[in-house]
Protein chains: 2
Amino acid sequence: MTAKRAPATEARLRLNRERVLRTAIRLADEGGIERLTMRKLGEELGVEAMSLYNHVSNKEDLLNGMIDAVFGEIELPSHGDDWKTAMRKRSVSVRDMLSRHPWANGLMDSGTNPGPATLRHHDRVLGTFRNGGFSIAMTAHAFAALDSYIYGFARQEKGLPFDGGEQAAATAQTMLAHLPVDEYPYLVELMAKHVLQRGYDYSNEFTFGLDLVLDGLERARDSGQADA
Amino acid sequence: MTAKRAPATEARLRLNRERVLRTAIRLADEGGIERLTMRKLGEELGVEAMSLYNHVSNKEDLLNGMIDAVFGEIELPSHGDDWKTAMRKRSVSVRDMLSRHPWANGLMDSGTNPGPATLRHHDRVLGTFRNGGFSIAMTAHAFAALDSYIYGFARQEKGLPFDGGEQAAATAQTMLAHLPVDEYPYLVELMAKHVLQRGYDYSNEFTFGLDLVLDGLERARDSGQADA
DNA sequence: TGGACAAGCTTACAACGTACATGTAGCCTA
DNA sequence: TAGGCTACATGTACGTTGTAAGCTTGTCCA
C-alpha cells in the first residue's frame with residue numbers, strides 16, 4: 001500500500017476550490033440553499049467537513065465564491081448589437097441564471113465584495129450604456145433601474161404563491177376558496193379571471209416589464225433630462 | 001409571597017403575540033435578522049426562550065408575523081388621488097418601510113402564506129389600477145412590473161458597496177484604488193466621475209426609476225396593447 | 001534518506017431551534 | 001371556601017450547525 005504512484009487505492013481525486021464551488025452550487029440548486037451545510041458538502045465530495053477549509057476560508061467565502069461563479073454564467077452584452085438588444089439579451093440571460101440558481105438572488109445582498117466575474121459583468125453593462133449614448137449620470141440611472149427590475153422580478157416570482165403551471169393552479173384554487181370575496185375583491189377578481197385561466201404563467205410577465213424599462217430608458221436618454 | 005393580587009413582585013407584564021412581534025422587529029432592525037434568535041428575543045422580553053412558543057408556533061411563524069406587521073406600516077394607496085399619484089405615494093411608502101426594516105426584503109420570498117395586512121395591501125393596489133382604467137391583464141402586468149422594481153431597488157441598495165453618504169465615499173475611494181483601471185474602465189469611470197462626486201447618494205436613484213415605470217405603465221394602459 | 005509542507009482527519013465546543021415534562025397563577029364552578 | 005381547569009412560564013435535553021486546534025499522512029525536493 002506504499003506504492004509511490006499507485007493508481008490511488010480508490011482513484012480519489014484531489015479537492016480544489018473549483019470542485020468545491022461546483023458541487024456546492026449543485027447542492028444548492030437541488031435542495032435549496034438552506035440544505036447546503038459544510039458537512040453535507042463534504043460528504044458529497046467524499047471528504048470530511050473540515051477538509052473544505054483548506055479551499056475556502058469559511059462559509060461566507062464559499063457563498064461569495066458561488067455567487068461569482070454563477071455571475072460568470074451570464075451572457076455578457078455583445079459589442080455587436082446595439083445597446084438595446086444587447087441589454088435585452090443579457091437581461092434575459094440574468095433571469096435564466098436566476099431561475100437555474102434561485103438561491104443566488106437572496107445571497108447577493110450579503111456579498112460585500114464582488115468577485116472578478118461580477119466586476120467584469122458590471123463593467124460590460126456600464127460600457128454598453130456609455131457606448132449607446134448614455135451620459136454618465138444617465139448610465140447610473142439606467143443601471144439602477146434595469147437591474148432593480150430584473151432582480152426584483154426574480155424575487156417576486158419566488159415568493160408568489162401561484163407560480164403558473166398545472167399544479168400551481170390547484171394551489172391558487174384552494175387559496176381562492178379561502179379568500180373572503182368581500183374583503184379582497186380585486187385579489188379574487190385577479191385570481192379568478194386571470195391567474196386561473198388556462199395558460200397563465202407569471203414568468204411571462206417578465207418581458208413586459210423589461211421592454212417597459214428599456215423603452216423608458218431610451219426615451220430618458222433622448223430627452224436627456226438627467227445630467228445632474 | 002402568596003399575596004393574591006400583590007403588585008406582582010416585579011410588575012411583570014404578560015407576554016402576548018403582539019409584544020413578541022414588536023420586540024422581534026426592533027431586534028431585527030437594530031442588529032440584523034441573523035442576530036434575532038429565540039434566546040435573545042426571550043432575554044429581551046425577560047423570559048425564557050421556550051416561553052415564546054406559547055405565542056408563536058415556531059420561528060417561521062414568528063418571521064411571517066413580523067412580515068405581516070411591517071406590511072401594515074405601508075401607506076395604502078388613497079382613493080382620493082388619481083391612480084398615478086396614489087401609486088407613487090404608496091411606492092415611496094414601501095421603500096421607506098424597507099429602509100426601516102431592511103431584513104424584511106430578504107424574508108418575503110420564504111413567506112409562503114401572506115397575512116391579512118399583506119392581503120389587504122395587495123388588494124388595494126390592484127383596486128387602484130383597476131379603477132385607474134387598467135384592464136385585468138394590464139393590472140397584472142403593472143403589479144408585476146412596479147413591485148419588481150420597488151423590491152429590487154431595495155435589494156440592490158442593500159448589496160451595493162457604496163451607499164452614498166460621507167463614510168461610504170471612503171469605501172468607494174479604497175475600492176477604486178484597488179480596481180485595475182484597464183480591466184474595468186467603465187466601473188472606474190462611474191466611480192470616479194459620479195459616485196465619488198460630492199452629494200452623490202444612490203438612494204436618489206429611486207424616484208427616477210419609479211417615474212420611468214409609472215409613465216411606462218400609463219402609456220401601456222393607453223395603447224392597450226396587452227389584453228392577451 | 002530525511003524532513004518540510006500541503007491537505008485531509010479527529011475531536012471538541014458554543015450557539016442554534018425546539019420537543020417534552022414540570023411547575024404555577026388565576027379564574028370558574030360548586 | 002375548596003377544588004380543579006386552563007393558560008402560560010420554566011428546566012432540561014437533543015440534534016444540527018459552523019469552525020477552532022491539533023494530529024496524521026502522502027508527496028516531493030534536498
Side-chain angles (χ1 to χ4, degrees), chain A residues 1-24 27-28 31-67 103 106-107 110-112, chain B residues 1-25 27-28 30-67 103 106-107 110-112:
Chain A
M1 295 292 174
T2 46
K4 295 179 182 198
R5 286 235 176 161
T9 61
E10 233 198 25
R12 168 204 221 69
L13 35 154
R14 274 288 251 272
L15 227 48
N16 57 45
R17 186 170 226 263
E18 204 209 319
R19 221 156 75 77
V20 170
L21 289 181
R22 257 211 318 270
T23 309
L27 279 186
I33 193 69
E34 70 283 348
R35 274 218 259 274
L36 175 66
T37 70
M38 298 303 276
R39 283 174 230 263
K40 222 164 242 151
L41 179 54
E43 190 182 341
E44 194 75 14
L45 287 159
V47 131
E48 293 300 312
M50 286 309 293
S51 302
L52 301 169
Y53 287 86
N54 289 311
H55 307 278
V56 298
S57 55
N58 49 39
K59 189 161 189 187
E60 192 188 318
D61 181 37
L62 172 73
L63 296 176
N64 280 336
M66 293 167 68
I67 291 290
W103 46 269
L107 237 58
S110 59
T112 12
Chain B
M1 295 296 171
T2 47
K4 296 177 176 195
R5 286 239 176 158
T9 61
E10 234 199 25
R12 168 203 221 68
L13 36 153
R14 275 288 253 272
L15 227 50
N16 58 46
R17 186 170 227 264
E18 202 209 321
R19 221 155 76 76
V20 170
L21 289 182
R22 259 212 316 271
T23 308
I25 289 172
L27 280 186
E30 289 169 6
I33 195 68
E34 71 283 350
R35 275 220 259 274
L36 175 66
T37 70
M38 298 303 274
R39 285 173 229 261
K40 224 166 240 148
L41 179 54
E43 190 182 342
E44 193 75 13
L45 286 159
V47 129
E48 295 299 315
M50 285 312 292
S51 303
L52 301 169
Y53 286 85
N54 290 311
H55 303 95
V56 297
S57 55
N58 49 39
K59 190 163 190 187
E60 192 188 318
D61 182 38
L62 171 73
L63 296 176
N64 278 337
M66 292 168 67
I67 291 290
W103 46 268
L107 236 59
S110 59
T112 11

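Here is the naming used below: chain letters follow the sequence lines, and residue numbers restart at 1 for every chain.
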Using a cut-off of less than 4.0 Å, is there contact between a side-chain N or O of B/H55 and OP1 or OP2 of D/dA7?
no
Write down the distance between CG (A/L15) and P (D/dG26), rounded to a whole number of angstrom.
17 Å
Set of residues satisfying side chain to side chain contact (heavy atoms under 4.5 Å, CB included) with respect to A/E34, sequence neighbours excluded:
none
At under 4.0 Å between heavy atoms, which parts of nucleotides 12-24 of chain D does protein reach? Answer with one letter per nucleotide, 5' to 3': B base, S sugar-phosphate only, - none.
B----BBBBB---
Could you tell me whether the phosphate oxygens of D/dT10, OP1 or OP2, come under 4.0 Å of any side-chain nitrogen or oxygen in B/S51?
yes
Pairwise side-chain contact, B/N54 with B/L15, heavy-atom cut-off 4.5 Å (strictly under):
no
Side chain of B/N54, base of D/dA9: donor and acceptor closer than 3.5 Å?
yes
Between CG of B/L52 and P of D/dA7 the distance, given in whole Å, is 19 Å
Salt bridge flag under 4.0 Å for residues B/R22 and B/E18
yes
Between A/W103 and A/I33, the two heavy atoms sitting closest are CB-CB, 3.7 Å
Side chain proximity check, A/R17 to A/D61, heavy atoms < 4.5 angstrom:
yes
Is the closest side-chain heavy-atom distance between A/L63 and A/I67 below 4.5 Å?
no
Send over the distance from A/R14 CZ to D/dT25 C1', rounded to a whole Å.
11 Å
Rounded distance in Å - CG (B/L62) to P (C/dG17)
10 Å
